[in-house]
K.L.:
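Got a structure here, written out as structure tokens. Questions coming.
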Amino acid sequence: MSTAQPIAAPSPRRRGACPTLEAPMQTGDGLLARLRVGEGRLTPAQLQTIAEQAAHHGNGQVEITARGNLQVRGLTLTSTAPFATAVHAVVDIEQGLVVETPPLAGDDATEISDPRALAVSIRDLAAALGEQLGPKVTVVVDGMGQITRAGLKAGIRLTAIAPQHWSLAIAEQPQSELHESAAAAAVVTVLHKLVELGPAARATDLVTPRASAAPSSSQTIGQFTLASGSATGIALPFGASDSPSLMALARLATDHGIAELRLAPHHTLLAINAPAGFVHDAATLGFITDASDPRTRISACIGSAGCASGHIPAREIAQQLASALPAGRDLHVSGCAKGCAHPRRAALTLVGQAGGYGLVINGSAGDTPQTVLHADQLESAIGPSGQG
């Protein structure tokens with residue numbers, strides 16, 4: 001996957017005459033643009049506009065990533081700049097160092113510490129480093145409330161362990177415990193070390209890896225109680241939606257009097273102070289509203305429906321197989337051997353091939369399939385008595 005040059009860049013999180021997005025990436029269905037929406041907050045009208053522009057300038061496919069960013073697919077060299085201009089006209093887009101906090105930060109009465117001020121301090125102190133930092137450097141500041149960023153990789157992580165006390169980890173390796181007054185400076189010290197190593201440096205270059213248990217991801221689908229009000233999490237099936245469905249969801253939110261949506265990890269949207277009927281209506285549009293929905297355990301790329309590399313319509317097949325997937329089993333449906341939607345191992349992986357569907361057990365899309373299946377064999381292969 002090659003990376004195109006970014007379009008002209010204004011100051012971080014400002015609208016201007018020369019709008020920018022992160023450097024678009026060349027994929028099998030055109031250019032992909034990732035949008036780091038300011039604070040991850042959108043009004044329904046803003047979401048509708050982004051979906052409209054995605055259809056006008058791209059192929060209409062919009063994704064929420066595992067980290068809670070928006071992605072728009074199918075842009076071209078000529079449509080990327082007008083798309084950026086249209087998006088910048090309605091929503092702030094963050095630039096520079098990635099510093100992430102949980103989506104309910106500051107509103108979640110259960111969090112140990114509010115991470116927002118610390119995150120701002122880190123951004124401000126790191127601003128002078130500019131482009132000296134590599135593009136993959138990510139800082140997470142997690143107050144440890146109902147929705148956390150545990151389970152998502154971070155080069156540098158601050159985790160609340162007591163009010164105004166934080167644990168610092170580099171590449172998930174614990175380093176020290178700090179009072180909040182010293183935490184931002186400690187992070188920036190690590191960033192300076194990365195700058196000294198060069199733009200290709202990763203946090204893993206600074207530590208000796210040690211085996212550690214992977215942190216559990218928090219649930220993002222369902223109801224969450226805030227200090228004032230509530231948040232309702234719904235997810236995009238396989239992390240993606242077409243523009244008409246997303247526009248319908250935005251109109252539904254408006255009809256229900258919802259003023260704010262927040263992008264959240266694990267392909268989720270949080271509706272703030274949503275009335276009871278919103279969940280039912282969102283489900284009728286095809287969005288995931290129940291944490292036990294088997295689609296939460298399936299990863300699928302766009303496949304042949306929108307990617308020149310895809311041999312199969314991966315998301316369509318994933319939808320068809322969802323009801324047959326046994327409880328506790330995860331499935332990856334990949335249009336080709338690149339495995340873009342889930343580069344890691346899965347209990348079961350179906351890989352599109354010229355001659356059918358390769359089945360990989362306890363592996364990834366690039367592994368050699370144990371067998372090749374035909375379309376009429378798929379349900380039995382992933383079911384309770386199947387090969388997984």
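This is a predicted model, so every value here is computed, not measured.
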K.L.:
CG/D205 to CG/L194 distance, rounded to the nearest 0.5 angstrom?
P.N.:
7.5 Å
K.L.:
Is there a side-chain contact between V139 and V187 (heavy atoms, below 4.5 Å)?
P.N.:
yes
K.L.:
Whether the side chain of T80 engages the backbone of T76 through a donor-acceptor N/O pair (distance < 3.5 Å, no angle test) should be reported.
P.N.:
yes
K.L.:
List the steps, then state whether side chain to side chain contact (heavy atoms under 4.5 Å, CB included) holds for R36 with L70.
P.N.:
CA-CA 7 Å; R36 286 166 48 198; L70 283 176; over 6 Å; no
K.L.:
Can you tell whether the side chains of E94 and R41 come within less than 4.0 Å, N to carboxylate O?
P.N.:
no
K.L.:
Is the backbone N or O of P163 less than 3.5 Å from a side-chain atom of H165, with the two atoms forming a donor-acceptor pair by type?
P.N.:
yes
K.L.:
Among D290, L249, L285, which residue meets the side-chain contact (heavy atoms from CB on, under 4.5 Å) test with I234?
P.N.:
L249
K.L.:
Between D108 (side chain) and Q146 (backbone), is there a donor-acceptor pair under 3.5 Å?
P.N.:
yes
K.L.:
Do V141 and L104 share a hydrophobic cluster, counting only Ile, Leu, Val, Met, Phe, Trp and Tyr and linking them when any side-chain heavy atoms are less than 4.5 Å apart?
P.N.:
no
K.L.:
Got V137 and L191 here, is their nearest side-chain heavy-atom distance under 4.5 Å?
P.N.:
yes
K.L.:
Which residues pass the side chain to side chain contact (heavy atoms under 4.5 Å, CB included) test with I288, sequence neighbours left out?
P.N.:
I221, A235, P237, D293, R295, T296
K.L.:
Do F83 and L31 touch side chain to side chain, with heavy atoms closer than 4.5 Å?
P.N.:
no
K.L.:
Is the shortest side-chain heavy-atom distance between K193 and L197 below 4.5 Å?
P.N.:
no
K.L.:
Do L125 and V120 share a hydrophobic cluster (ILVMFWY, side-chain heavy atoms under 4.5 Å, transitive)?
P.N.:
no
K.L.:
Does the Q71 side chain pair with the main chain of L32, one donor and one acceptor, at a distance under 3.5 Å?
P.N.:
no
K.L.:
Looking at side-chain heavy atoms only, is the closest gap between P199 and Q132 below 4.5 Å?
P.N.:
no
K.L.:
Can you check side chain to side chain contact (heavy atoms under 4.5 Å, CB included) on T268 and L263, steps first, answer last?
P.N.:
CA-CA 6 Å; T268 303; L263 296 164; over 6 Å; no
K.L.:
Taking R157 for the side chain and A169 for the main chain, is one N or O donor matched with an acceptor at less than 3.5 Å?
P.N.:
no
K.L.:
Could you pull out the closest heavy-atom pair between G310 and S304, with the gap in Å?
P.N.:
O-CB, 3.4 Å
K.L.:
So, H179 and S181: side-chain donor and acceptor under 3.5 Å apart, yes or no?
P.N.:
yes
K.L.:
Taking the side chain as every heavy atom from C-beta outward, state whether V91 and L47 have any pair of such atoms under 4.5 Å apart.
P.N.:
no
K.L.:
Enter the distance from Y357:OH to L373:CG here, rounded to the nearest 0.5 Å.
P.N.:
9.5 Å
K.L.:
Minimum heavy-atom separation for I298 to A322, with atom names?
P.N.:
CD1-CA, 3.8 Å
K.L.:
If you look only at distance, which donor and acceptor atoms sit under 3.5 Å apart when one is on a side chain in residues 341-354 and the other is two or more places apart or in another chain?
P.N.:
from: H342; atom 1: NE2; to: R345; atom 2: O; distance (Å): 3.0
from: R345; atom 1: NH1; to: N362; atom 2: O; distance (Å): 3.3
from: R345; atom 1: NH2; to: N362; atom 2: O; distance (Å): 2.5
from: T349; atom 1: OG1; to: G363; atom 2: O; distance (Å): 3.4

K.L.:
Check which hydrophobic residues are tied to I302 through side-chain heavy-atom contacts below 4.5 Å, counting indirect links as well, and list them.
P.N.:
none
K.L.:
Check this for me: does any side-chain nitrogen of one of D107 and R262 sit under 4.0 Å from a carboxylate oxygen of the other?
P.N.:
yes
K.L.:
Examine distances only and state if a side-chain atom of T27 and a backbone atom of G30 form a donor-acceptor pair shorter than 3.5 Å.
P.N.:
yes
K.L.:
For the side chain of S245 and the backbone of S241, is there at least one donor-acceptor N/O pair under 3.5 Å apart?
P.N.:
no
K.L.:
Indicate yes or no for a side-chain donor-acceptor contact from Q164 to the backbone of A162 under 3.5 Å, with no hydrogens or angles considered.
P.N.:
no
K.L.:
Membership question, hydrophobic clusters at under 4.5 Å side-chain separation (ILVMFWY): are I312 and L325 in the same one?
P.N.:
yes
K.L.:
Does the pair L331 and S299 meet the rule for a side chain to side chain contact (heavy atoms under 4.5 Å, CB included), with working shown?
P.N.:
CA-CA 6 Å; L331 171 66; S299 302; over 6 Å; no
K.L.:
After noting the C-alpha distance and the side-chain angles of E172 and R149, does the key distance pass the salt bridge (Lys or Arg N to Asp or Glu O under 4.0 Å) rule?
P.N.:
CA-CA 12 Å; E172 311 304 344; R149 288 193 168 271; over 6 Å; no
K.L.:
So which atom in L252 and which in A282 form the shortest heavy-atom distance, rounded to 0.1 Å?
P.N.:
CD2-N, 3.6 Å
K.L.:
Going by atom types only, do W166 and E180 share a side-chain donor-acceptor pair under 3.5 Å?
P.N.:
yes
K.L.:
Kindly give the heavy-atom pair with the smallest separation between D281 and H256, and that separation in Å.
P.N.:
OD2-NE2, 2.8 Å
K.L.:
Are any non-hydrogen side-chain atoms of E379 and Q320 less than 4.5 angstrom apart?
P.N.:
no
K.L.:
If I take atom CZ from residue F287 and atom CG from residue L246, how far apart are they, to the nearest 0.5 angstrom?
P.N.:
5.5 Å
K.L.:
Do Q223 and T232 have side-chain atoms, one donor and one acceptor, less than 3.5 Å apart?
P.N.:
yes
K.L.:
Please step through side chain to side chain contact (heavy atoms under 4.5 Å, CB included) for the pair V37 and N69, ending with a clear verdict.
P.N.:
CA-CA 7 Å; V37 175; N69 293 310; over 6 Å; no
K.L.:
Rounded to the nearest 0.5 Å, what separation is found between the NZ atom of K338 and the OG atom of S364?
P.N.:
14.5 Å
K.L.:
So how far is it from L42 CG to Q48 CD, rounded to the nearest 0.5 Å?
P.N.:
12.5 Å
K.L.:
Is the side chain of D242 donor-acceptor paired with the backbone N or O of Q61 at a distance under 3.5 Å, no angle test?
P.N.:
no
K.L.:
Any link between V360 and V333 through a network of hydrophobic side chains (Ile, Leu, Val, Met, Phe, Trp, Tyr) touching at under 4.5 Å?
P.N.:
no
K.L.:
Indicate yes or no: does R67 engage E100 in a salt bridge with an N to O separation below 4.0 Å.
P.N.:
yes
K.L.:
Do V207 and L133 sit in the same hydrophobic cluster, where Ile, Leu, Val, Met, Phe, Trp and Tyr count as joined when their side-chain heavy atoms come under 4.5 Å apart?
P.N.:
yes
K.L.:
Looking at every heavy atom in both C301 and A314, which two are closest together, and how far apart are they?
P.N.:
O-CB, 3.3 Å
K.L.:
Kindly say whether E316 contributes a backbone atom to a donor-acceptor pair with the side chain of Q319 at under 3.5 angstrom?
P.N.:
no
K.L.:
With side chains defined as the heavy atoms from C-beta onward, is the minimum distance between P102 and D142 less than 4.5 Å?
P.N.:
yes
K.L.:
Nearest 0.5 Å please: distance from the CD1 atom of I50 over to the CE atom of M247.
P.N.:
12.5 Å
K.L.:
Looking at A126 and V188, what are the two nearest heavy atoms and their distance?
P.N.:
N-CG2, 4.4 Å
